[in-house]
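All remarks here apply to the structure that follows.
Computation of the quantities below employed the complete heavy-atom set of this structure, encompassing side-chain atoms and omitting hydrogens, waters and symmetry-equivalent molecules.
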Amino acid sequence: MHDAPAVIRPSSPAVAGRSDINADNRFEWHLVNMTSSRLELLSRHRIRDPGLGLNEPSGLTLNLDGSALYTVSDDTKAIFRLDLKGRVSVADSFFIGLDDLEGIAIRRDESELLVVQEATNSLVVVDLNTRRERSRRPLSAMSNYDTIADYFPDPPDNNGLEGITVNTSNDHVFVVKEQRPGLLIELDPALTTILSTRVLQADQGFNHPRLKSDKIDFSGLSYDSRNDTIWIASDKGQCLFQYDWTRDVVLQRLDLTISTGAKERQIRKPEGIAFDPQRNRMYVVSDRDADLYVFKVHDDS
């Protein structure tokens, strides 16, 4: 038997006194917003390769020593390994027997890749040594799924699982549901149990000046081991949220802005992110343009 996870459901100021939420964190998040960073674009690389099927990169993860990236393309049954300039290593890339892949993460010991299949809301474990699928488990087969089942229609809609990352301190796995509502779900290392779930909403700090709160989506995840936070990408918001899971609060929002000549524009459909805590670098892939962007994260706080 497993204890039921803590599920924080949508709320409003009228329920600020409820005992299952921390009102100080949820409604006064701006008072603890002590983090101030900025992004400096270091480089941009075209990674689209129609010959290999790398057309719509939709997930990203960084290996342990920060020397290589893995990505998936949601229209191709393959996992691609890239160098830090976006060049595909054909010898280290491989096909697997499933499509509609939206997110990818690497285990701390680099033995496995974890990929998310949105169509079935499943997590697939791929052995990096054999390059074969080791297991496949839908959320619906996990313990405590009943606590979140109402958020996942049957058959699945197009707002299912998008991003995935691994907490390198305890090997817990986080996955994010895209929207309606956005959910951040914590899983045990064996991918058998839903440990806890958070609904991502405005009173935690998931706000954007150009979007209504219910229009913000979530497309990618990357764990930040420096301060035990999670970076969350938004496709429609064209931005990153740095989220403190413990305090249930957004620390900051960073717009993904790049300069193109005299003008500035934002990255279109950022669907994969990977943070390097040793070098303070953020890697971002655009599903729309199939570009890899490399940013330096400057901490100004």
Side-chain angles (χ1 to χ4, degrees), residues 1-12 15-16 18-27 29 59 102-103 105 114-124 137-154 156-207 213-214 216-224 228-235 241-251:
M1 295 291 291
H2 298 279
D3 293 334
V7 180
I8 298 179
R9 300 183 183 276
S11 58
S12 67
V15 296
R18 282 169 41 182
S19 60
D20 61 336
I21 60 177
N22 184 324
D24 288 338
N25 280 354
R26 301 276 273 169
F27 300 107
W29 65 271
E102 291 288 349
L114 310 178
V115 293
V116 166
Q117 186 180 43
E118 183 180 23
T120 60
N121 289 313
S122 297
L123 279 76
V124 181
R137 179 173 288 268
L139 278 181
S140 59
M142 298 183 188
S143 298
N144 299 322
Y145 178 72
D146 60 307
T147 63
I148 61 172
D150 289 347
Y151 295 127
F152 291 90
D154 186 15
D157 58 14
N158 196 36
N159 296 300
L161 297 183
E162 280 280 323
I164 184 170
T165 193
V166 177
N167 180 333
T168 53
S169 67
N170 58 16
D171 290 325
H172 289 186
V173 175
F174 287 90
V175 292
V176 69
K177 180 181 181 291
E178 183 176 7
Q179 60 181 350
R180 298 181 183 176
L183 294 178
L184 188 59
I185 305 167
E186 182 184 22
L187 310 172
D188 71 321
L191 306 179
T192 60
T193 304
I194 296 169
L195 300 176
S196 56
T197 304
R198 300 273 172 79
V199 180
L200 306 182
Q201 51 194 347
D203 50 26
Q204 294 146 299
F206 291 101
N207 296 288
S213 59
D214 62 348
I216 296 175
D217 65 347
F218 305 99
S219 56
L221 298 177
S222 187
Y223 177 71
D224 185 342
D228 191 27
T229 59
I230 301 173
W231 291 95
I232 306 177
S234 173
D235 173 342
F241 295 99
Q242 186 180 17
Y243 174 68
D244 187 322
W245 171 264
T246 303
R247 291 187 291 174
D248 189 21
V249 61
V250 172
L251 300 179

- Note on the structure: In short, salt bridge (charged side-chain N to carboxylate O under 4.0 Å, His left out) pairs touching residues 180-192 with sequence neighbours left out are none
- Task: Name all residues meeting the side chain to side chain donor-acceptor pair (under 3.5 Å) criterion together with D171; count only those two or more places apart in sequence or in a different chain, and write none if there are none.
- Result: R108
- Side-chain heavy atoms of I216 within contact of L200, under 4.5 Å: no
- Task: To the nearest 0.5 angstrom, please state how far the CD atom of Q242 sits from the OG atom of S222.
- Result: 11.0 Å
- Note on the structure: What one should report as the nearest heavy-atom pair of T229 and Y223 is O-CD1, 3.5 Å
- With rounding to the nearest 0.5 Å, note down the distance linking CD1 in I232 to CZ in F174. 9.5 Å
- Mind checking the CD-OH spacing from Q204 to Y243? Nearest 0.5 Å is all I need. 5.0 Å
- Query: Could you state the interatomic distance from CZ (F152) to CG (L139), rounded to the nearest 0.5 Å?
  - Reply: 5.0 Å
- Task: Test I164 against every option in L187, L123, I185, V176 by the side-chain contact (heavy atoms from CB on, under 4.5 Å) rule and name the one that passes.
- Result: L123
- Query: Relative to each other, are the rings of F206 and F241 parallel, tilted or perpendicular (30° and 60° limits)?
  - Reply: perpendicular
- How long is the gap from CG on D157 to NZ on K177, to the nearest 0.5 Å? 6.0 Å
- Message: Would the distance check show the side chain of N121 and the main-chain N or O of L161 forming a donor-acceptor pair, the cut-off being under 3.5 Å?
- Response: yes
- Query: side chain to side chain contact (heavy atoms under 4.5 Å, CB included) between D228 and W245: does it pass, once the steps are laid out?
  - Reply: CA-CA 8 Å; D228 191 27; W245 171 264; over 6 Å; no
- Step by step, would you call L221 with L184 a side chain to side chain contact (heavy atoms under 4.5 Å, CB included)? CA-CA 10 Å; L221 298 177; L184 188 59; 3.8 Å; yes
